[in-house]
Amino acid sequence: MLGWKSKGLISFMLLVSSLLAACDQTIEDRNIRLHHQYGNNENAENREQKLYLFITEKLMGSQGIFTNLTETDQNESFATGHEILSESMGLLMRYYAITSQQDRFEDSLRLSQDVLMTESGFSYRYSPKHNKLYTVNAAVDDLRIIRALYEAADIFENEIYFKQANQYADRFMKYNTQNGNMFDFYDEYYRVQNNFITLCYIDLRTLGYMSSQHDQQILINQMSSIIQNGYVSDEFPFYETRYNYETENYQSEDINTIESMLTILSLAEVGLQRVESIDYIKQNVQKGTLYGKYTKEGTPKTDIQSTAIYAIAAMIGSEIGDEELYKQSIERMERYQVVEAGSTLYGAYGDVATLQAYSFDNLQALLAYVY
C-alpha cells in the first residue's frame, strides 16, 4: 500500500476498529484477488465489452455521459435525456481507474472539470440543450470523483491525481460539512446546505482516504455512527433513508432498495456490514426477489427489480469475498442485458420497447464486472 494512502487511513482505523480488514489491500491487490476468485471467463468478458461499447458509442456525447439514451426537452425537475450528471462521470472515472486505462481516465476527468466544475464542487447536473449548469452539488457524487482520483493516484502511481483529490477533499470539507456533520448538497447560488444527510451518500472508505485533519476525524466518527444506527431491524435488515440533524431523527417514507444496498456496500467496504443484511441479500438474490421498494416492515411495495440492484449486490459480494453472492448477482443482473444483435440497445441494460437506457444502471453494471 502506498505511503500516502496509509497515512490517510490511520485516523479512520483508530476511530473504527473494524476497518482494518477492509483497508489492508491496495486496489490492485483487490482486482487480482477478484480475477482469481470469480474468473474472467469469455462470456463475462464478452458481455462487459458489449456493454462498454454501448456506453462509449451510444450513451456518450462530446460533453459526457447521457442520463438516458432517449432525448427529452430537458425541462424536468430531475435529469432526463442527454443531460450530464456528475454521478455518471464519477462512475466512469472509477471504471477507467480500476481497469488501468489512464488516457481515458484523464479524458473523463478533464470533461468533468470543464463541464461540471463550480467554485464549491461539481454541479450534479448540466443541461446541454439549455446550456444550464445547476448551482447545486451532491455530496455522494463529489466523493465518488474524489475517490476515483485517489484510486487513480494509487493505480497509476501519479502524485498529481493525489494532490487533486486532496484539493477537492478540502473543498468538500468546506462546503458539504459543518461541525462534524455531512450534508447532501451545497447550493452555490443561495450559499446554503440542506438540514439532513441521506445515508447512502456516506462513503466511509472515501472519507478515510482524505488527508488526516481534526475536523475530518470527527466527521468520520459521526458519520459512521449515523449510518450504523440507521439499521431498521433484524426482521428487515435494511437502512433508513436519511437522518435529520434538526429533529435528530431518521426519516423514510419507504425503503428504497438501491439506497439501502449502497449503504450496505459502504459499510462492507470498511468491514462494518451486518451479517443479517448479508444473509437477507443472499437469500433474495438466490430467489430473484430483490424488489425496488419496501415498507419499513419489509413488505414489497412493487414487483419491479433493476439492473443496479443486482450490480450493487455483486459489489457487496466482491467486498466481503463471497464468491457465490458475486456470481449469482452477476447472473441475475445479466438477465436484463439486451443481447439481440439487431437491437438499438444491443449490449445495454434497458427497455427495448421504449429504448430507455439509463446511465446509472449501465454504469453500475459496468463497474460490477470489475469491482
Answer yes or no on whether Arg274 is positioned over the face of Tyr231, meaning its NZ or CZ is under 6.0 Å from the six-membered ring centre and within 45° of the axis. yes

Can Glu106 and Tyr161 be counted as having a side-chain donor-acceptor contact under 3.5 angstrom? yes

Does the plane of the ring in Phe162 sit parallel, tilted or perpendicular to the ring in Tyr150? Use 30° and 60° as the thresholds. tilted

Is Gln337 reaching over with its side chain to a backbone N or O of Gly347, donor-acceptor style, under 3.5 angstrom? yes

Between Asn137 (side chain) and Gly121 (backbone), is there a donor-acceptor pair under 3.5 Å? no

When the ring centroid of Tyr186 is compared with that of Tyr175, is the distance short of 6.0 Å? yes

For Ile65 and Ile84, work out which heavy atoms get closest and say how close. O-CD1, 3.3 Å

Quick one: which of Ile146, Val270, Thr177, Leu143 gives a side chain to side chain contact (heavy atoms under 4.5 Å, CB included) with Leu207? Leu143

Report the C-alpha distance between Tyr245 and Gln193 in whole Å, list the side-chain angles of each, state the deciding distance to 0.1 Å, and finish with yes or no for side-chain hydrogen bond (donor to acceptor under 3.5 Å, both in side chains). CA-CA 12 Å; Tyr245 294 115; Gln193 300 160 327; over 6 Å; no

May I ask you to check whether Ser277 and Gln273 show a side-chain donor-acceptor distance below 3.5 Å? no

Regarding Lys132 and Tyr126, do their side chains bring together a donor and an acceptor under 3.5 Å, going by distance alone? no

Assess the residue pair Tyr291 and Lys301 against the criterion (side-chain contact (heavy atoms from CB on, under 4.5 Å)); give the C-alpha distance rounded to whole Å, side-chain angles, the decisive distance to 0.1 Å, and a yes or no. CA-CA 8 Å; Tyr291 301 114; Lys301 295 201 69 174; over 6 Å; no

